[in-house]
Asks: 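Would you mind keeping the following structure in view while I ask a few things?
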Protein chains: 2
Amino acid sequence: MADITIKDVAARAGVSAATASRVLSGNPATSPQARENVAAAVIELDYRPNAQARALRSTHSDSIGLLVPDVRNPFFADLAHTVEQEALSAGYVTLLGNANEQKEQQDRYLDTLISRRVDGIIVAPLGDGSGSIHSLIERQIPTVFVDRAVDGIDVPSVTTDSEVGIRQTVEHLASLGHTRIGYISGPQATSTGRDRFAAFTSTVAAAGLSQDPDLVYFGDFQAASGSAGLHALLGLNDPPTALLAADSLMAVGAIAILHKLGLRIGTDLALVAFDDIEWFALLNPALSVISHSVEDMGRIAVDLLLEVVAGKTPQSVVLPSELVIRASSSLPILPASSRRKN
Amino acid sequence: MADITIKDVAARAGVSAATASRVLSGNPATSPQARENVAAAVIELDYRPNAQARALRSTHSDSIGLLVPDVRNPFFADLAHTVEQEALSAGYVTLLGNANEQKEQQDRYLDTLISRRVDGIIVAPLGDGSGSIHSLIERQIPTVFVDRAVDGIDVPSVTTDSEVGIRQTVEHLASLGHTRIGYISGPQATSTGRDRFAAFTSTVAAAGLSQDPDLVYFGDFQAASGSAGLHALLGLNDPPTALLAADSLMAVGAIAILHKLGLRIGTDLALVAFDDIEWFALLNPALSVISHSVEDMGRIAVDLLLEVVAGKTPQSVVLPSELVIRASSSLPILPASSRRKN
DNA sequence: CGATTCCATGGAATCGATTCCACGACCACA
DNA sequence: TGTGGTCGTGGAATCGATTCCATGGAATCG
């Protein structure tokens, strides 16, 4: 790798490295002659500045880190896409990391991002504020939480008000005659897992529906736990007639098992999923979902981060959620006798 | 940001920066006493080495770049996931970039990755070998192509032999009685777009089926073009009775339109998609697909890249593809009279 | 016991770009 | 003609970590 440095450019342009640097950074204290020569030399040599050296001296790297819990979750893939595009248009490169819903990997990635001196970090955090999240705050690295937050850590965030969508869902299902609604919950180590679970229990209570604790299965936001949850719920003596899954991947896992068992969504079991994934509408019957805007979330997260980088302390933003009713939850409940048994 | 440097660590440990550096890098020429003191100081100060400075001096950054055409494509999301995990276990961080199927963004990202001096780049390229792809080769930056390749650029690659899967598909559809198979092609600016199209035309000819050029629609691997393609094909005077989509996103776009038109997959139109996406099996009817292993592809790509980084010149790898028959393409063709018209 | 090897260690150079500081050239005004 | 100001420029210091090289003390051998 015969690297071309600014000295090569300077030599070719017949100026010093200092002047070449000034031209490159648009410093006005340069002569037209020097500008012209340097510009020509840059093109002739196909010069690319060494970002490492530049960042070392100038304390900023024009890059941000984005840490998501799972790139394979379409919600986070979309989020990564919008964040990346938004950041790019603001002149930042996005380094994407994948925590795999594991605190250990999250910490490992955060350490890496810290040591690479990114200008800021957007993270959908998991766990409490211990470990690397704590270092982040202590070092005052500009940070924004997205989708999730961490109790006791005072950092601007963009989250979804899950409560509205979940209340609409529970009331909707109740109006169809359902009294036993199953819930596949996210992990309680995440704020979304906790918030959605709390919203579910309180709205179920408010609607006077069954609060049987067996109706709740605790998953981990990944597909396999949705499958396990469905098995557990259908195995109950008195199984639920409707099901709410706290994220799309667990819904996918549940649907896979329903298919395998030959049960029909919407008929044998009403189903609603949190997160609106494009192809959920293509299922037959189409899936009812609790929708929230991933585009808004990604865009606002970048905006907030840029404000923090600029030294401001912006307010956190809470986005709305709403129920989108489709065929998977539109039929009134069938009498128990006509339902198939597990 | 009160950054803690190796000098602070050295001072606290009562040794020089040189010795501290040696301890950190595991250099055996250090006394147990020094090792102990430095280790203690590192923990007390929560020291993180500055990756920039380290990379500047030592010419490697322990990071690789991965450039995919579209993170929202589940195939590439899965690929990103496997590459990232495989690279992490080899001690590398993955910087993910998203080209949005646009050459301009691809070049922009490649420039960024080059200037950040990543140790190597895995890219699913688009376009010809001009622009930044060319710089990559000229600067001898370790590079591996994944999924796609570029004609005339001699770089190790991991690709799929699309031909087998497509031939199986065409023969399968022919055996069900289909003679007019529609094809929604990928862009001819990509090697996969070209290869699959070539495989389709040659196997259709070999099977003695219709070679009507109107049966081919050229999309761009994104969902909207799948929708447009379906519209175009159904609008023909003599529309196809079966359809092959060259990637999953275009298949999704097509399915969305079929839903809207009230047409049934597998009955009104046989459908097969390239790329096996988990939830394609959950559609009703389940979607037939041409399957190839994204895990193998990601793993091998990283292996190849590490070999290139180590100075070797590994052979390119071609992975197999195969047809997986599901309900969307299992019924014999209906007589034309009983088919609904667009 | 003197000479040689070994080894931990610190000083200093280095990576590439940026930026402070000082210098010289030039113009303008008194 | 002399003084003050502006402006383009180059030399040198700097960022933080690594590594070459020299040094001095301890260990080993004849």
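Throughout, a chain's letter reflects where its sequence line sits, starting with A, and its residues are numbered from 1.
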Asks: With a 4.0 Å cut-off, would you call A/D107 and A/K103 a salt bridge?
Replies: yes

Asks: Can you measure from OG (A/S157) to CD (A/Q315) and round to the nearest 0.5 angstrom?
Replies: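 The CD atom of A/Q315 is 10.0 Å from OG of A/S157, to the nearest 0.5 Å.
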
Asks: If you take any heavy atom closer than 4.0 Å to DNA chain D, which residues from residues 24-34 of chain A end up in contact?
Replies: A/P28, A/A29, A/T30, A/S31, A/A34

Asks: If I take atom CD1 from residue B/I114 and atom CD from residue B/E138, how far apart are they, to the nearest 0.5 angstrom?
Replies: 10.0 Å

Asks: Charged N to carboxylate O below 4.0 Å: is that the case for B/E295 and A/R72?
Replies: no

Asks: Side chain of A/R22 only, heavy atoms from C-beta on: which candidate in D/dT19, D/dG10, C/dG16 is closest?
Replies: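 Looking only at side-chain atoms, A/R22 lies closest to D/dG10.
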
Asks: State the pairing partner of C/dC23; accept Watson-Crick or G-U wobble contacts with both distances under 3.5 Å, and report none otherwise.
Replies: D/dG8

Asks: Taking atom CZ of A/F76 and atom CG of A/L96, what is their separation to the nearest 0.5 Å?
Replies: 11.5 Å

Asks: Describe the nucleic acid contact of B/T5 in one word from base, sugar-phosphate, nothing, applying a heavy-atom distance below 4.0 Å.
Replies: sugar-phosphate

Asks: Has B/S16 got a side-chain N or O lying under 4.0 Å from the OP1 or OP2 atom of C/dG10?
Replies: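 Answer is yes, contact under 4.0 Å.
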
Asks: Spell out yes or no: do the side chain of A/R57 and the base of D/dG16 have one donor N/O and one acceptor N/O closer than 3.5 Å?
Replies: no

Asks: Please list residues of residues 38-55 of chain A whose heavy atoms come under 4.0 Å from any atom in DNA chain C, ordered by number; otherwise none.
Replies: A/Y47, A/P49, A/N50, A/A53, A/R54

Asks: Heavy atoms, side chains only, cut-off 4.5 Å: are A/L319 and A/V317 in contact?
Replies: yes

Asks: Between B/D62 and B/R54, does any side-chain N to carboxylate O distance fall below 4.0 Å?
Replies: no

Asks: Can B/D111 and B/R108 be counted as an ion pair, charged N to O under 4.0 angstrom?
Replies: no

Asks: On the side chain of A/R35, is there an atom forming a donor-acceptor pair with the base of D/dG8 - under 3.5 Å, no angle test?
Replies: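 By the distance-only test, no, there is no pair.
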
Asks: Can you tell me which nucleotide in D/dG11, C/dG11, C/dA17 comes closest to the side chain of A/A18?
Replies: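 Closest of the options to the side chain of A/A18: D/dG11.
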
Asks: According to a strict under-4.0 Å criterion, is B/T19 in side-chain N/O contact with OP1 or OP2 of C/dG10?
Replies: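 The answer is yes; a side-chain N or O of B/T19 sits under 4.0 Å from OP1 or OP2.
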
